[in-house]
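Right, one structure below, let's go through it.
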Amino acid sequence: MVSGNADCFDSFLLGTVSCTLFLAVNGLYSASDDVIELTPTNFNKEVIQSESLWLVEFYAPWCGHCQRLTPEWKKAATALKGVVKVGAVDADKHQSLGGQYGVRGFPTIKIFGANKNKAEDYQGGRTSEAIVDAALSALRSLVKDRLSGRSGGYSSGRQSRESGGGDKKDVVELTDDSFDKNVINSDDVWMVEFYAPWCGHCKNLEPEWAAAATEVKEQTKGKVKLAAVDATVNQMLASRYGIRGFPTIKIFQKGEDPVDYDGGRTRSDIIARALDLFSDNAPPPELLEIISEDVLKTTCDAHQLCIISVLPHILDTGASGRNSYLDVMLKMAEKYKKKMWGWLWTEAGAQSDLESSLGIGGFGYPAMAAVNARKMKFALLKGSFSEQGINEFLRELSVGRGSTAPVGGGAFPKIHAVEPWDGKDGEAASVNTSSNLQRVGFNVRQPFHKKTPTWRMIIQLGSKDRRRDAVSRTIYTAQIHV
């Protein structure tokens, strides 16, 4: 259960846990259970380096489905004690660990078998009986593989590299002959480990390097590659790059001299450095107009956060005004591209249901919301829509500060298909409804703008009370359906 302010910024960003008020979160398992609590500190030793079969649940304490699974998971752990290891990771607390294994929802259950670097998703039922049956089936397959002499793939050791085993591994083996073609002439970023088969530190690094290679390949779409060179065999390369100790890791980028990697040797450290390299070399994120449901869903589902701006109508700003707002967004997208967020915009009134769900709804343009589609929570820009105002807003998000609210309805509303902006000023058209509006007390300001499937008219109320502000007049927008 979660207690505290519902608007707190509870792990809104991956790897960030920060709240406006204190959140008291109780884990679902205790030391008296047969479920083994796993953390980034003990996961490698307990699971990856283990010969045992593991079933691991990634959960969040506030998740209702996780809470309902808890008694069944405990029963399964007790039944499988001494046969199959059953563990649990609080992925809300240890988000980096969940992120390494692609956890996007709760609960997620993974089976770690012979090849611990290729965990399988559990797709069975959530009763203790179903979990036990799946565990025994996986165990039976593991035993048969061992009986037939099949190893666990890359995780079976350096010999698999030398013998050509482990065809599915994501660490690229490089030699004196293949290095230049693959690395030097490539547009991709390469992280290359120079190792010796007898080196103890190299053996300790191996599972971390392999797991990181798989995750980096997925997250960068192959634009950052992890490789390995046996420096005892490929001595020309070792001499060329001054390798004096093992393991030595070097970073290669096209047109630049190689640099030493001096970070940590856990998969999380390696992945973090690889993603930094990717974002440094990646172009700025695309800034997309929300012209269909697919644009919104694809962008927000694929990114940790999606930044959505609602810009004034084209008749209110003209093309130059709109482009100035888009330029601000593009500058911010470039500044924060390492975050790998999605960037979207729409015109005021074009997606009114979306505006309402994000608490924008019909006024205060331009507006901006940062949305976490996985949790269906959002934060609103409260400052100015300027480089300084947006930078302050996004900087607060980056460090886990700020307050959030749930997306109205708990999901994105229906998105209307609209024509993309053509980059031009809006065209005006006269309509015959002005006399009707004048009869009911509105002073109509021409021209009107026809935009399928509605007529958008800018009108000003005739009441003198609405014109008390001498500095700025109050503009009201009406949508008249015809």
Side-chain angles (χ1 to χ4, degrees), residues 1-26 59-67 90-96 98-99 103-106 285 290 296-297 299-310 329 332-333 335-336 338-346 351-385 388-413 415:
M1 298 294 292
V2 181
S3 61
N5 189 341
D7 289 338
C8 72
F9 206 73
D10 53 329
S11 56
F12 189 62
L13 295 174
L14 191 63
T16 303
V17 180
S18 178
C19 295
T20 305
L21 296 181
F22 174 74
L23 267 185
V25 180
N26 296 320
Y59 71 93
W62 44 261
C63 163
H65 293 298
C66 303
Q67 293 165 8
D90 183 343
D92 194 54
K93 181 178 181 181
H94 305 298
Q95 295 183 13
S96 61
V103 174
R104 296 291 181 266
F106 304 116
I290 303 174
L296 177 69
K297 182 173 176 56
T299 302
C300 290
D301 286 352
H303 297 87
Q304 193 178 1
L305 286 183
C306 52
I307 312 300
I308 300 175
S309 292
V310 183
M329 290 190 68
M332 291 297 101
K335 183 178 180 69
Y336 287 90
K338 287 187 178 182
K339 300 296 182 183
M340 290 187 283
W341 296 336
W343 295 78
L344 299 167
W345 72 275
T346 184
Q351 305 294 346
S352 55
D353 292 338
L354 178 62
E355 291 182 39
S356 297
S357 71
L358 299 178
I360 297 171
F363 63 91
Y365 305 117
M368 176 179 284
V371 183
N372 182 325
R374 180 172 64 84
K375 293 193 172 185
M376 277 298 153
K377 289 187 175 182
F378 72 93
L380 275 179
L381 169 68
K382 295 191 168 105
S384 64
F385 197 98
Q388 181 179 351
I390 295 174
N391 183 50
E392 291 175 359
F393 172 59
L394 298 180
R395 188 174 61 224
E396 291 292 293
L397 294 184
S398 299
V399 297
R401 298 193 189 119
S403 61
T404 67
V407 173
F412 285 130
I415 299 299

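In what follows, every heavy atom counts, from backbone to side chain, and hydrogens, waters and symmetry copies are set aside.
Put simply, CH2 on Trp345 and CE on Met329 are 9.5 Å apart, with the number rounded to the nearest 0.5 Å. Taking CD1 from Ile308 and CD from Glu355, the interatomic distance works out to 11.0 Å, rounded to the nearest 0.5 Å. Rounding to the nearest 0.5 angstrom, the gap separating the CG atom in Leu381 from the CG atom in Leu397 is 9.5 Å. Atom CD of Gln351 sits about 4.5 Å away from atom OG1 of Thr346, to the nearest 0.5 Å. Taking CG from Leu344 and NE2 from His303, the interatomic distance works out to 9.0 Å, rounded to the nearest 0.5 Å. Here Cys63 contributes atom SG and Asp90 contributes atom CG; the two are 11.0 Å apart, rounded to the nearest 0.5 Å.
The shortest heavy-atom contact between Ile390 and Met368 is CD1-CE, 3.6 Å. Cys66 and Tyr59 make their closest contact through SG-CB, 3.8 Å (heavy atoms, listed as atom of the first residue, atom of the second, distance). Nearest heavy atom pair, residue Arg104 against residue Arg374, reads O-CD, 2.7 Å. The two residues Asn372 and Lys375 have their closest heavy-atom pair at OD1-N, 3.1 Å. Listed here is the closest heavy atom pair of Gly359 and Phe378: N-CZ, 4.1 Å.
Contact check for Leu305 versus Val371: no side-chain heavy atoms found under the 4.5 Å cut-off. Side-chain atoms of Leu354 and Ile360, non-hydrogen and from C-beta on, never get closer than 4.5 Å to each other. For the pair Phe393 and Met332, the minimum side-chain heavy-atom distance is 4.5 Å or more. Proximity of Lys382 to Ser403: side-chain heavy atoms (C-beta onward) are separated by under 4.5 Å at one or more points. In this structure, Trp341 and Leu394 have side chains that are in contact, with non-hydrogen atoms separated by less than 4.5 Å. Using a 4.5 Å cut-off on side-chain heavy atoms (C-beta onward), Met376 and Phe412 make contact. Taking the side chain as every heavy atom from C-beta outward, Tyr336 and Arg395 approach each other to under 4.5 Å.
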